[in-house]
**Student:** 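Below is one structure. I have some questions about it.
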There are 2 protein chains.
Amino acid sequence: MAYGSALQALADPTRRQVFERLGKGPMSVGRLAHGLPVSRPAVSQHLKVLKEAGLVAEDREGTRRIYRIDPHGLARLRAWVDQFWETALDAFKAQVEQPDEQPDDEGNSK
Amino acid sequence: MAYGSALQALADPTRRQVFERLGKGPMSVGRLAHGLPVSRPAVSQHLKVLKEAGLVAEDREGTRRIYRIDPHGLARLRAWVDQFWETALDAFKAQVEQPDEQPDDEGNSK
DNA sequence: CACTTCCGTAAGCCATAGCTAACCGTAAGC
DNA sequence: GCTTACGGTTAGCTATGGCTTACGGAAGTG
């Protein structure tokens with residue numbers, strides 16, 4: 001259920017901005033906060049959520065922490081999406097070919 | 001900003017269950033609700049959100065509506081994730097090769 | 001034409017999540 | 001040693017969002 005926390009983390013617009021900002025390269029917390037519409041503590045909180053979801057990682061450099069995107073969480077999210085992508089696309093193609101056919105699952109339960 | 005609504009839609013656990021349930025094949029609202037821990041109107045509300053995010057589509061069949069996964073929203077989400085995936089993976093590989101190198105972005109602003 | 005089934009919508013309630021302000025620890029500089 | 005920069009944590013407020021109950025409308029059935 002790791003993809004759940006990733007989806008939840010990326011759902012918030014501000015937090016997604018933090019993440020997208022890191023997509024352009026690693027950055028310190030202060031630099032990250034500067035240019036975002038929220039206070040620095042808020043950015044820290046967002047980073048915590050993103051870190052727990054495996055979406056970012058930190059490197060300490062003196063007194064500052066350099067955050068970067070962590071491929072691990074991204075990989076899990078990608079795998080989850082792909083799983084639906086394949087089957088959905090298959091179903092879509094099948095429906096285009098046979099617009100009025102139900103495979104086998106027709107009939108009311110109860 | 002279409003991927004935003006998709007991420008927001010899939011963030012909620014119950015709504016994600018609805019979506020995942022549709023991953024196994026199209027289903028009516030009643031069937032969908034039966035087996036989920038919430039009431040049928042709640043499922044309807046979730047389906048509305050998913051539909052507005054382009055993640056599901058409906059086919060009317062008499063008085064019942066058959067919902068299925070819509071590839072469109074999924075495609076947009078996939079594209080967004082992949083965009084980060086590529087650059088993050090590149091950066092990751094680069095860091096493994098040169099663990100203590102900063103490309104060019106070092107120096108304090110302000 | 002009742003009557004039933006299926007489902008979307010509205011109103012209202014309550015828990016959660018994001019924000020700010022204040023505080024504290026840690027590392028560097030003098 | 002003191003002081004400053006950096007950033008994580010807490011407390012408390014408010015808004016958002018998901019849930020249920022109640023209602024209404026549309027399509028099949030007799």
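Numbered from 1 within each chain, the chains take letters A, B, ... in sequence-line order. Computed from a predicted structure; not experimentally measured. Just the heavy atoms: all of them, side chains too, but no hydrogens, waters or symmetry mates, feed the values below.
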**Student:** Roughly, in whole Å, what's the span from CD in Glu58(A) to C1' in dG8(D)?
**Tutor:**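 Answer to the nearest Å: 10 Å.
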**Student:** Taking only N and O in the side chain of Ser44(A), is any of them less than 4.0 Å away from OP1 or OP2 of dG8(D)?
**Tutor:** yes
**Student:** What is the distance from atom CD of Gln17(A) to atom CG of Leu36(A), rounded to the nearest 0.5 Å?
**Tutor:**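 Result: 5.5 Å between the selected atoms.
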**Student:** Please tell me if Arg15(B) has a side-chain N or O lying less than 4.0 Å from either OP1 or OP2 of dG18(D).
**Tutor:** yes
**Student:** Quickly work out the Arg16(A) CZ to dG18(C) C1' distance and round it to whole Å.
**Tutor:**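 From Arg16(A) CZ to dG18(C) C1': 14 Å.
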**Student:** May I have the distance from Leu47(B) (atom CG) to dC19(D) (atom P), rounded to whole angstrom?
**Tutor:**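 Computing the Leu47(B):CG to dC19(D):P distance gives 12 Å.
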**Student:** Atom CZ of Arg65(A) to atom P of dG7(D): distance rounded to whole Å?
**Tutor:**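 Value for this atom pair: 8 Å.
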**Student:** Could you state the CZ-P distance from Arg60(A) to dA27(C), rounded to the nearest angstrom?
**Tutor:**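 That distance rounds to 8 Å.
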**Student:** Indicate whether OP1 or OP2 belonging to dG8(D) is found under 4.0 Å from a side-chain N or O atom of Tyr67(A).
**Tutor:**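 Affirmative; the distance criterion is met.
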**Student:** Atom CZ in Phe19(B), atom CG in Leu74(B): separation rounded to 0.5 Å?
**Tutor:** 5.0 Å
**Student:** Is there a donor-acceptor pair closer than 3.5 Å between any side-chain N or O of Arg21(B) and the backbone N or O of Leu32(B)?
**Tutor:**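 Between the backbone of Leu32(B) and the side chain of Arg21(B) there is a qualifying donor-acceptor contact (under 3.5 Å).
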**Student:** Reckon Arg40(A) touches a base, only the sugar-phosphate, or nothing at all at heavy-atom distances under 4.0 Å?
**Tutor:** base
**Student:** Closer to the 5' end of DNA chain C via nearest nucleotide, is it Val29(B) or Asp12(A)?
**Tutor:**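 It is Val29(B), whose closest nucleotide lies nearer the 5' terminus.
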**Student:** Examine dC6(D): is either OP1 or OP2 under 4.0 Å from a nitrogen or oxygen in the side chain of Ser28(A)? Give yes or no.
**Tutor:** no
**Student:** Can you name the closest pair of heavy atoms from Ser28(B) and Arg64(B) and give their distance?
**Tutor:**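 Distance-wise, the nearest heavy atoms are CB-CD, 4.3 Å.
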**Student:** Of the nucleotides dC6(D), dC19(D), dC6(C), which one has an atom closest to the side chain of Arg64(A)?
**Tutor:**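 Closest nucleotide among those given: dC6(D).
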**Student:** Both Gly62(A) and Gln45(B) contact DNA chain C. Taking the nearest nucleotide for each, which residue is further toward the 5' end?
**Tutor:** Gln45(B)
**Student:** Can a side chain N or O of Thr14(B) be found less than 4.0 Å away from OP1 or OP2 on dG18(D)?
**Tutor:** no
**Student:** With a 3.5 Å cut-off and just heavy-atom distances, do the side chain of Gln8(B) and the base of dT16(D) make a donor-acceptor pair?
**Tutor:**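 Side chain to base: no pair present.
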**Student:** Should Ser39(B) be listed as having a side-chain N or O under 4.0 Å from OP1 or OP2 of dT20(D)?
**Tutor:**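 Checking Ser39(B) against dT20(D): at least one side-chain N or O falls below 4.0 Å of OP1 or OP2.
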**Student:** Classify the angle between the aromatic ring planes of Trp80(A) and Tyr3(A) as parallel (below 30°), tilted (30 to 60°) or perpendicular (above 60°).
**Tutor:**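 Plane angle under 30°, so parallel.
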**Student:** Go through it in stages, so that I can follow the logic: the residues are Arg15(B) and Leu50(B), the test is side-chain contact (heavy atoms from CB on, under 4.5 Å), and I'd like the CA-CA distance, side-chain angles, deciding distance and then a yes or no.
**Tutor:** CA-CA 8 Å; Arg15(B) 200 180 297 134; Leu50(B) 289 169; 3.8 Å; yes
**Student:** Expected output check: what is the dot-bracket annotation of DNA chain C, where ( ) and [ ] are pairs inside the strand (brackets for crossing ones), | is paired with another strand, and pairs are Watson-Crick or G-U under 3.5 Å?
**Tutor:** ||||||||||||||||||||||||||||||
**Student:** Does a side-chain N or O from His46(A) land closer than 4.0 Å to OP1 or OP2 of dC19(C), or not?
**Tutor:**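 Checking His46(A) against dC19(C): at least one side-chain N or O falls below 4.0 Å of OP1 or OP2.
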**Student:** Rounded at 0.5 Å granularity, tell me how far CZ in Arg78(A) sits from CH2 in Trp85(B).
**Tutor:**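 The CH2 atom of Trp85(B) is 6.0 Å from CZ of Arg78(A), to the nearest 0.5 Å.
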**Student:** CZ of Arg31(A) versus P of dA5(D): gap in Å, rounded?
**Tutor:**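 Checked: the CZ to P distance equals 17 Å.
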**Student:** What I want to find out is whether Arg68(B) reaches Asp59(B) closely enough, with some N-O distance under 4.0 Å, to be called a salt bridge.
**Tutor:** yes
**Student:** Atom CG of Leu32(B) and atom P of dG8(C): how far apart are they, to the nearest Å?
**Tutor:** 10 Å
**Student:** Can you measure Ile66(B) atom CD1 to dG8(C) atom P for me and round it to whole angstrom units?
**Tutor:**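 About 11 Å, once rounded to whole Å.
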